[in-house]
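All values reported here derive from a predicted model rather than from experimental measurement. As a basis for the values below, the full set of heavy atoms in this structure was taken, side chains included, without hydrogen atoms, waters or symmetry mates.
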Amino acid sequence: DPSLDVGGFDAAQKLTILSGLAFGTPLDGGKNVHTEGITCLAPQDFTHARAMGYAIKPLAIAQKEEDCVHARVHPTLIPRTSLLASVDDVFNAVHITSDGLGPSLLYGAGAGMMPTAVAVVSDVIESARALVHEGSDSAGAQASPIEQMSFAAAGDFDCQHYLRFTVVDQSGVLATLSTVLGDQNISIASMFQTKQASDDTPVEIVVCTHRARLPDVNQAVSIIDQLPIVRQPTVAVRMDSDL
């Protein structure tokens with residue numbers, strides 16, 4: 001059953017552990033992590049992304065901002081020149097940005113018989129060392145407690161978005177979409193339309209936005225999907241050009 005993977009839940013649980021180690025957030029099993037899977041994506045989304053110079057990758061992101069941590073899991077369009085864009089197959093990567101060091105990347109196999117065995121045995125050894133050296137300053141002792149942080153409200157962040165609308169091909173459609181997006185404070189950075197296969201075939205309009213709040217994007221998509229010009233639910237994917 002691949003639902004934990006394709007739904008993003010496995011990544012949310014892993015992000016909770018990493019956030020606890022890095023920031024001191026509670027280990028809640030991913031309940032406070034905004035989680036989206038990859039089930040909404042279609043082959044054409046990868047085609048459109050590639051044409052724009054992007055790759056689509058499922059990312060788990062945790063960022064400390066003032067007194068809380070923003071944690072989220074979702075597919076993301078990232079530049080094809082990014083190191084993360086080249087992470088494929090069974091490999092995983094952890095991209096870390098810190099004030100003193102700047103960006104760094106940890107990369108390695110994340111699945112398969114031997115990589116999984118190494119990870120499990122390493123955890124057992126680390127736990128055994130922590131028990132042996134409990135209360136001492138010897139190597140392997142537990143790290144000192146750090147200041148406890150809380151998770152930010154789910155969806156409380158802004159970024160660029162890729163939106164794919166499937167609509168009828170008639171005059172006024174672009175104006176209607178633009179009006180709804182504008183009413184929700186969403187600015188359009190670029191837009192293109194696919195070709196029709198026949199006169200009665202819907203067309204796809206792809207919009208890339210400037211930075212916008214997730215609640216505003218969700219509200220705009222909810223309104224647009226109820227319009228009679230729409231033939232399929234809108235696909236919305238985050239974009240990050242800085243990775």
Side-chain angles (χ1 to χ4, degrees), residues 1-38 55-76 78 82-154 156-157 238 240 242-243:
D1 180 4
S3 58
L4 284 178
D5 289 319
V6 299
F9 304 110
D10 180 63
Q13 293 171 353
K14 291 175 180 176
L15 186 63
T16 297
I17 296 173
L18 291 174
S19 297
L21 294 171
F23 307 123
T25 53
L27 298 179
D28 64 353
K31 295 177 182 178
N32 284 313
V33 176
H34 177 86
T35 306
E36 298 176 29
I38 60 174
I56 302 179
K57 294 293 179 180
L59 299 186
I61 303 170
Q63 296 172 301
K64 179 182 176 183
E65 295 183 7
E66 297 180 354
D67 60 347
C68 63
V69 174
H70 293 259
R72 58 191 190 271
V73 171
H74 50 70
T76 310
I78 59 176
S82 167
L83 289 175
L84 287 177
S86 63
V87 180
D88 291 317
D89 302 321
V90 299
F91 290 92
N92 292 163
V94 179
H95 184 274
I96 305 169
T97 302
S98 60
D99 292 338
L101 182 62
S104 56
L105 187 77
L106 308 176
Y107 174 84
M113 180 174 63
M114 292 306 295
T116 301
V118 169
V120 171
V121 173
S122 297
D123 286 345
V124 172
I125 293 173
E126 182 178 357
S127 298
R129 283 177 174 168
L131 291 172
V132 171
H133 298 290
E134 184 177 5
S136 71
D137 295 329
S138 303
Q142 295 283 358
S144 300
I146 59 178
E147 180 183 356
Q148 292 295 304
M149 303 287 293
S150 62
F151 283 109
D156 186 18
F157 61 91
R238 315 300 180 279
D240 193 331
D242 297 327
L243 291 174

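Counting only residues at least two apart or in different chains, salt bridge (Lys or Arg N to Asp or Glu O under 4.0 Å) contacts with residues 99-115 are absent. Sorted by first and then second residue, the pairs that involve residues 9-31 and meet salt bridge (Lys or Arg N to Asp or Glu O under 4.0 Å), not counting sequence neighbours, are D10-K14.
The shortest non-hydrogen separation linking L15 to A71 is CD2-CB, 4.0 Å. The two residues I56 and P75 make their nearest non-hydrogen contact at CG2-CB, 4.1 Å. The heavy-atom pair separating L101 from S104 by the smallest distance is CD2-OG, 3.9 Å. Between P58 and I38, the shortest heavy-atom distance links the atoms CB-CG2, 4.3 Å. Across all non-hydrogen atoms, the minimal contact from F91 to A109 is CD2-N, 3.6 Å. When all heavy atoms of A93 and L105 are compared, the closest pair comes out as CB-CD1, 3.9 Å.
Atom CD of E65 sits about 10.0 Å away from atom CZ of F23, to the nearest 0.5 Å. Within the model, atoms CG of L18 and CD1 of I61 stand 13.0 Å from one another, a figure rounded to the nearest 0.5 Å. To the nearest 0.5 Å, atoms OG (S3) and CG (D5) are separated by 8.0 Å. H74 NE2 to H34 NE2: the interatomic distance, rounded to the nearest 0.5 Å, is 6.5 Å.
Heavy-atom neighbours of E66 CD from other residues, nucleotides or ligands within 6.0 Å: at or below the threshold of 12.
Just one residue in the list V87, L59, L84 forms a side chain to side chain contact (heavy atoms under 4.5 Å, CB included) with H95, and that residue is L84.
Remark: side-chain polar atoms of T97 are not paired, donor with acceptor, to backbone N or O of G102 under 3.5 angstrom. No donor-acceptor pair under 3.5 Å is formed between the side chain of S19 and the backbone N or O of T25.
Contact annotation: the side chain of L27 never approaches that of Q13 to less than 4.5 Å [non-hydrogen atoms, C-beta and beyond].
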Practice item. List the steps, then state whether side chain to side chain contact (heavy atoms under 4.5 Å, CB included) holds for R72 with Q63. Key: CA-CA 9 Å; R72 58 191 190 271; Q63 296 172 301; 3.3 Å; yes
Check your understanding: Would I78 and R238 satisfy side chain to side chain contact (heavy atoms under 4.5 Å, CB included), going step by step from the backbone distance to the final call?
Key -> CA-CA 9 Å; I78 59 176; R238 315 300 180 279; over 6 Å; no
